[in-house]
Amino acid sequence: MDRDHLSHSPAPTRTALARVGAALCWLIAALACAWIAWCTAIGPLMRADAGLAAFRWTNGVAFVAMFVVCFGIVWLLVRSAHRAADSDTRTTASLGGAADSTAHLSDSAHRTSAPAAHLAGRTIALPPRAARFFAAAGRLTVRATRNWRRIWLVLAIGWLWIPTTLLVAYGADILSQTREFAWAWNQWTGLEQPYIGFFSFVPMDIYPTAHYMWSTDPTYLTDQHNIVLTVIYGASAALSRYLTGSNDAGFVVLAALQWLFAGFCCASAANRFFNLPWIPRTASAPHTHPDYAHPERLRTATPIDFAHPERGPRIHTLTAHTPAPAGPLARALVMLLFLCCPLVTFSTISLTKSPLFAFAFTWWFGLMYELYMTHRNAPARPQRTRPVTIAALVVSCVVMLVSAKYAWYILMIQVVLSLLADRRRWRLYLLTLLLPTVLVHGAIAMLIGSGAIIGGDPIESRGAQLQMIARVAQRNPGAIPESAARKLAPIFNIDQMAQAYRSEDADPVKSSGIQSKKVSYRWRSVTAEDMKQFNAAWLEIVRADPQTAFDALFAKSYGYFDVFDPPYVPMSYYVDNDYVQQSNTWIKHYNHDWRGGVAHVVRQWSRIPVLGWVTHGNFYVTLTLLIGAAELALRRWRALSWHMPLLLLMGVMITAPANNFERHMLPIAFVFGFLCITFARDNRGGSWVHGPARGTAHDSPRT
């Protein structure tokens, strides 16, 4: 007895390590809250272009207040998880555990079917008429979202006004891509065109792409906006010009195809989070699923029919921890976000790389959720993944890779994390994540290496460094050391750099734009050897004037985490700008005033305090970071390994050329509702189909 007792008791060393680990997790969570609080506190200073030197006690108060709010949210999320875990443990341990589990599933899927409202674990009585209304609305919501086809149909009906009245939305990027393809086509057909020259100006000079990167043999295609998209967009526009005499018809067709793809991606992801389609629906074949051999099986009568919720009772065979489908309220809120939020609606027809990546990411996020939910701890039998999921993972990865160049970083890191969290399915991750990444990225690298296309200029990823140098050059030029100035001289015109500096956008500093731009970046004459001196020069300047340099860093990144900061470039910009409203053939005449009116209404909505936050990407970024902090405090390691791409996307935002650029926040905004469903479902112990997993609220030690 004593020996058994001692063998099962935690060792003092292990207990101490657990406490240290818990403390470190809470420390990192607190640092995430502190970062949000810091960005909020310095927001007024950055919007006034005052810098950190103007930091006053009022900013300190704002920091403390925001930290308390953020940390309070994390604490409440963790507390709710522990309460749900304790409640579920007591329920499943009781003699009536089977019935209580069934009632819990029934309540989750049909919460409005009883004449009461459930809020924060409390039951609020409703008048009979209101109860009947909410019950009917709940049944209708579940019925309308019970599979991906119905969800897609709901989205198509709700979004129908977008392609029919707005046709298409775009900015400068697609025009540059079509121009690249047109010049390449002219080259292929034998037309003589200028190439490298100090006074010539060709499409590659618009971004610009340094001439040292150009191939010796003339080529006009670049990987600046991903070569695959450039070819698709450019070829569509060329065909449109051949058939109709302008790019307009091609752009409209591309927007319509993206609209359809967006609906499918959102519907596929929503179906996985709402309905858990990999869970067996009925007990008509109770021995066909490998999970039915487990002794903890509960065979219970329940009024839920997962496939047809409106039908009568059926017999279901479920584990104590089998997760329930999402309730009507969760479904309604997520669908409302998709149908009404301008971030989503305008993105469906916006022909820039970020919306396409965001919708593909949403699809991929849902597929990864299926893998997360079907992870198996038991060593008895390897986990089987549905063939449709395997095929969809490959396709979604390919679409992400051809739409955003940083996708390959995210996927490579996710491969490593997935292998660590789910080693049994290592072949699956290598096939569906690693192989597409290697093939697509490797093929593009081979094209660049062979000289067939020009690679993207690495100056694009140095936005933070450029802003730091340019701000010092503008605000305190005397602080730049002579050695740093000599190293920068072949790369940048420091005087022009100072004149071009804008705190919210690095594009002017790197000379992006038309021919009349300021030549800050010496892209025509800089060499690869010159670029090797850039980092050393940057470090010298930061050491010489760290305050001004960090002013620049915060000024270009704080808005992504400050919910009070209005977007620098909202998604409504792509609906109502000069490219769409003036610089085309006939699109500008189609509902010209209506287009401007829609954008105006959205802009007015976004300016409303608090209510307008739901239209801003940084609102979802901030809340996502707080949910991640709560998962860290709960030590849900597998959930964190699957959610790590969201944190990586935040890193992309910080390194992006512009501050609070909404199209960079689209992936996080699109999946935010699903993230909330996941967190709530994990709280109830439904982390895995095959039983509770380590890292959930059930098995993480409480501290």
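Proximity of a side-chain donor or acceptor of Gln467 to a complementary backbone N or O of Arg502 within less than 3.5 Å is detected. Using modelled atom types, no side-chain atom of Thr432 and backbone atom of Val394 make a donor-acceptor pair closer than 3.5 Å. A donor-acceptor pair under 3.5 Å is absent between the side-chain atoms of Gln177 and the main chain of Gly234, judged by distance alone. Without hydrogens or angle criteria, Ser606 side chain to Thr615 main chain gives no donor-acceptor distance under 3.5 Å. In this structure, the side chain of Asp223 does not engage the main chain of Gly456 through any donor-acceptor pair within 3.5 Å. Remark: side-chain polar atoms of Asn186 are not paired, donor with acceptor, to backbone N or O of Gln193 under 3.5 angstrom. With hydrogens and angles ignored, the 3.5 Å screen pairs a side-chain donor or acceptor of Glu180 with a backbone N or O of Thr222. Formation of a donor-acceptor pair under 3.5 Å by the Arg331 side chain with backbone atoms of Thr145 is found in this model. Between the side chain of Ser354 and the backbone N or O of His664 there is no donor-acceptor pair closer than 3.5 Å. Checked by atom type and distance alone, the side chain of Asp530 never pairs as donor or acceptor with a backbone atom of Ile491 at under 3.5 Å.
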Name every donor-acceptor pair, under 3.5 Å, that has one atom in a side chain of residues 357-367 and the other anywhere in the protein, sequence neighbours excluded.
residue	atom	partner	partner atom	Å
Thr362	OG1	Ala358	O	2.8
Trp363	NE1	Ser268	OG	3.4

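Checked against the 6.0 Å centroid criterion, the rings of His225 and Tyr233 do not qualify as a close aromatic pair. Trp159 and Phe338 have their aromatic ring centers separated by at least 6.0 angstrom. Aromatic rings from Tyr579 and Tyr170 are positioned such that their centres are separated by 6.0 Å or more. Between Tyr220 and Trp185, a ring centre-to-centre spacing not shorter than 6.0 Å is recorded.
Nearest heavy-atom pair, Pro355 versus Ser347, reported as atom, atom and distance to 0.1 Å: CB-O, 3.6 Å. Pairing each heavy atom of Val509 with each of Ala470, the nearest pair is CG2-CB, 3.9 Å. Taking both residues in full, the closest heavy atoms of Leu411 and Cys397 are given as CD2-SG, 3.9 Å, listed atom of the first, atom of the second, then distance. In terms of heavy-atom proximity, Met204 sits nearest to Thr219 at CE-O, 3.6 Å. Closest approach of Thr348 to Ala262, counting heavy atoms only: CG2-CB, 4.1 Å. For the pair Ser350 and Gln258, the tightest heavy-atom approach, listed with the atom from each and the gap, is O-NE2, 2.8 Å.
Residues that satisfy the ring pair (Phe, Tyr, Trp, His ring centres under 6.0 Å) test with Tyr574, not counting sequence neighbours, are absent from this structure. Annotation: ring pair (Phe, Tyr, Trp, His ring centres under 6.0 Å) contacts of Trp408 (sequence neighbours excluded): His441. Every side chain to side chain contact (heavy atoms under 4.5 Å, CB included) that Tyr212 has, sequence neighbours left out, goes to Ala210, Pro458, Val526, Ala528, Met531. With sequence neighbours excluded, the residues satisfying side chain to side chain contact (heavy atoms under 4.5 Å, CB included) with Asn591 are Thr165, Trp594. Checked against ring pair (Phe, Tyr, Trp, His ring centres under 6.0 Å), Tyr558 has no partners two or more places apart in sequence or in another chain.
For the residue pair Glu662 and His616, no side-chain donor N or O sits within less than 3.5 Å of a side-chain acceptor on the partner. Asp457 and Trp523 share no donor-acceptor pair across their side chains, judged by distance under 3.5 Å alone. Using a 3.5 Å distance cut-off with no hydrogens or angles, the side chains of Asp205 and His211 do pair a donor with an acceptor. Counting only N and O atoms by type, the side chains of Asn660 and Asp565 include a donor and acceptor under 3.5 Å apart. In this model, a donor atom of one side chain and an acceptor atom of the other lie less than 3.5 Å apart for Asn247 and Arg241. Side-chain atoms of Glu460 and Gln224 include a donor-acceptor pair closer than 3.5 Å.
For the pair Phe534/Gln465, a side-chain contact is recorded, criterion being any heavy-atom separation below 4.5 Å from C-beta on. For the pair Thr244/Asp248, no side-chain contact is recorded, criterion being any heavy-atom separation below 4.5 Å from C-beta on. Counting only heavy atoms from C-beta outward, the side chains of Val228 and Ile232 approach each other to under 4.5 Å. Ile454 places none of its side-chain heavy atoms less than 4.5 Å from the side chain of Ile448. No side-chain heavy atom of Cys266 sits under 4.5 Å from any side-chain heavy atom of Phe670. In this structure, Leu430 and Leu435 have side chains that are not in contact, with every pair of non-hydrogen atoms separated by 4.5 Å or more. Using a 4.5 Å heavy-atom cutoff, the side chains of Trp278 and Arg272 are in contact. Looking at heavy atoms from C-beta onward, Pro218 lies out of side-chain contact with Trp183 at the 4.5 angstrom threshold.
The CG atom of Leu337 lies 8.0 Å from the CG atom of Leu343; values are rounded to the nearest 0.5 Å. Trp152 CH2 to Leu155 CG: the interatomic distance, rounded to the nearest 0.5 Å, is 10.0 Å. To the nearest 0.5 Å, atom NE2 of residue His643 and atom CD of residue Gln414 are 10.0 Å apart. Rounding to the nearest 0.5 angstrom, the gap separating the CG atom in Leu428 from the OG1 atom in Thr389 is 9.0 Å. For the atom pair OG of Ser403 and CG of Leu229, the computed distance is 6.0 Å after rounding to the nearest 0.5 Å. Taken to the nearest 0.5 Å, the OG1 atom of Thr624 stands 11.5 Å off from the CG atom of Asn618.
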For a side-chain contact (heavy atoms from CB on, under 4.5 Å) check, start with the C-alpha distance between Ile162 and Leu167, then their side-chain angles and the critical distance, and finish with the verdict. CA-CA 7 Å; Ile162 303 168; Leu167 293 182; over 6 Å; no

Could you walk me through whether Glu504 and Lys556 satisfy the salt bridge (Lys or Arg N to Asp or Glu O under 4.0 Å) test, starting with their C-alpha distance in whole Å, then the side-chain angles of each, then the deciding distance to 0.1 Å, before giving a yes or no? CA-CA 5 Å; Glu504 68 274 10; Lys556 75 161 296 297; over 6 Å; no

Evaluate the criterion salt bridge (Lys or Arg N to Asp or Glu O under 4.0 Å) for residue pair Asp173 and Arg663; output intermediate values, then yes/no. CA-CA 13 Å; Asp173 285 356; Arg663 68 184 176 92; 3.7 Å; yes

Step by step, would you call Tyr620 with Leu625 a side-chain contact (heavy atoms from CB on, under 4.5 Å)? CA-CA 9 Å; Tyr620 302 100; Leu625 187 57; over 6 Å; no

Chi angles and distances behind the side-chain contact (heavy atoms from CB on, under 4.5 Å) call for Leu466, Phe492: CA-CA 10 Å; Leu466 295 182; Phe492 284 95; 3.2 Å; yes

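Within a 6.0 Å radius of CD in Gln604, more than 12 heavy atoms belonging to other residues, nucleotides or ligands are found. Within 6.0 Å of OH in Tyr409 there are 12 or fewer heavy atoms belonging to other residues, nucleotides or ligands.
Note on ring orientation: taking the six-membered ring where Trp is involved, the planes of Phe273 and Tyr369 are parallel (angle under 30°, cut-offs 30° and 60°).
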